[in-house]
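We use all heavy atoms of the structure for the numbers below, so side chains are in, but hydrogens, waters and symmetry mates are not.
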Amino acid sequence: TIYVLRHGEKIPAGDHLNATGLARAQWIRRLFAGGGGGAAASFAPPAAIFANFRDEEYNSVELATPTAEQLGLKVDSRYHRPAHGFNNTVPAAAMLTALADTGGPILTVWEHKNIVALVSDMGCYRPWMERYRGTAWSDGSNDWDAFDRFFILHFDEGVCTSVDLRWEGFKNYLTWPGHPQQRVPPEPNPGASAVGMEVVAVVLFIAGAAVIMANLQSLLQRSWPMFYEHIKNIPDSPLALRAWFTPRGAHEEPLLGA
């Protein structure tokens, strides 16, 4: 298995991560190396880590460093994106060699315009990747998760068998200045289920609707004389409708029989 991530958010000069990118680096550490207090990693920890390093671009190295430090690994930054074009065959070969030597997984942090090219040079190209190739990785509708999405490449005896597109789940807005919530993201919870949250939301919605209906009926029943006078004058108004507006008690029978 090879994980291929994009570097984190960076300063305007583009050569270092900004505060959000550094917070993302800690999030990546928790995902791939586990958190404090012995918390388990969400993904199998890597056996080797690569990071793009060209022209004093420290972004990829800085994203990978906390994970490497926690696992006692060294970030291999000898390889980098091409100066021109999208030929990533040399770093791709180095990563495949590391996979064969260690058994994996391998964690790679790369420059976004070359991510699809790197994956392709490792033999994992899929036609659906075209929407992310080159600058398209962060253009238009791809912008919202441009730092969060990543690839998981699966290999069997050196042959790429499948590719998953996944998301880190880092809420970068929590780190923005002035945001009312916490600035440091919480530990990821790999056990959290989106389906489970949907079920909880539905249950809460139904319970809330029941409370609203009960309060509405109570309110209407407290004002039943006014409402009932209107309803009983509606031709062929159903008894059930009259009963809904009618308080249970001494007046029930006379009103239902009116």
Side-chain angles (χ1 to χ4, degrees), residues 1-32 35 41-43 51-52 57-67 81 86 88 107-120 122 124-154 162-202 205:
T1 299
I2 299 180
Y3 311 116
V4 183
L5 287 64
R6 183 189 182 180
H7 59 74
E9 295 84 343
K10 55 189 179 180
I11 62 175
D15 54 352
H16 288 282
L17 297 181
N18 60 21
T20 298
L22 292 172
R24 181 182 293 277
Q26 294 299 326
W27 181 265
I28 295 302
R29 172 185 62 80
R30 296 164 186 150
L31 287 180
F32 293 97
S42 301
F43 300 93
N52 169 68
E57 295 174 349
Y58 291 91
N59 311 316
S60 297
V61 174
E62 290 173 347
L63 188 82
T65 296
T67 302
R81 64 174 179 82
F86 300 97
N88 288 260
L107 175 66
T108 296
V109 184
W110 219 240
E111 185 261 351
H112 72 285
K113 292 191 291 293
N114 279 275
I115 287 179
V116 171
L118 176 67
V119 168
S120 299
M122 285 192 277
C124 292
Y125 173 76
R126 300 293 187 271
W128 56 263
M129 295 178 183
E130 283 301 316
R131 68 169 294 180
Y132 303 117
R133 180 181 288 277
T135 58
W137 182 272
S138 57
D139 285 350
S141 62
N142 292 333
D143 180 64
W144 71 274
D145 64 342
F147 289 99
D148 211 66
R149 81 176 77 92
F150 69 100
F151 291 127
I152 302 181
L153 317 178
H154 302 279
S162 63
V163 180
D164 297 332
L165 179 63
R166 302 290 292 272
W167 286 263
E168 297 165 11
F170 176 62
K171 299 177 181 179
N172 57 0
Y173 59 84
L174 294 180
T175 69
W176 296 346
H179 193 278
Q181 298 186 41
Q182 61 203 70
R183 292 182 58 81
V184 178
E187 295 282 341
N189 180 9
S193 167
V195 175
M197 294 304 294
E198 291 174 0
V199 171
V200 171
V202 170
F205 175 80

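- You'll find the side chain of F32 reaches within 4.5 Å of the side chain of L5, heavy atoms only.
- A donor-acceptor distance shorter than 3.5 angstrom exists from the side chain of W27 to the backbone of E168, with no hydrogens or angles considered.
- Across W137, F170, F43, a single residue satisfies ring-ring contact (aromatic ring centres under 6.0 Å, His included) together with F150, and that is F43.
- The OG atom of S120 sits 6.5 Å away from atom CE of M129, with the distance rounded to the nearest 0.5 Å.
- For Y58, the ring pair (Phe, Tyr, Trp, His ring centres under 6.0 Å) criterion is met by H16, F53, not counting sequence neighbours.
- Atom CG of L22 sits about 14.0 Å away from atom NZ of K10, to the nearest 0.5 Å.
- Residues forming a side chain to side chain contact (heavy atoms under 4.5 Å, CB included) with T1 (at least two apart in sequence, or on another chain): Y3, P105, I152, H154.
- Rounded to the nearest 0.5 angstrom, L63 CG and R29 CZ are separated by 12.0 Å.
- Summarising the geometry, atom OG belonging to S42 is positioned 11.0 Å from atom CZ belonging to R30; distances are rounded to the nearest 0.5 Å.
- A 4.5 Å side-chain heavy-atom check between W128 and V163 finds at least one atom pair inside the cut-off.
- F151 is listed as a side-chain neighbour of L165, based on a closest heavy-atom distance under 4.5 Å.
- V4 is listed as a side-chain neighbour of M122, based on a closest heavy-atom distance under 4.5 Å.
- Interatomic distance, CD of E111 versus CG of N88, reported as 8.5 Å (0.5 Å rounding).
- Contact check for R149 versus N142: side-chain heavy atoms found under the 4.5 Å cut-off.
- Closest approach of S60 to N52, counting heavy atoms only: CB-O, 3.4 Å.
- The side-chain heavy atoms of H7 and F147, taken from C-beta on, include a pair separated by under 4.5 Å.
- The nearest pair of heavy atoms linking F86 to A117 is O-CB, 3.4 Å.
- Put simply, CD on E62 and CG on L17 are 4.5 Å apart, with the number rounded to the nearest 0.5 Å.
- Contact annotation: the side chain of D15 never approaches that of E57 to less than 4.5 Å [non-hydrogen atoms, C-beta and beyond].
- Only one option out of D148, N18, T175 pairs with R24 in a side chain to side chain donor-acceptor pair (under 3.5 Å); it is D148.
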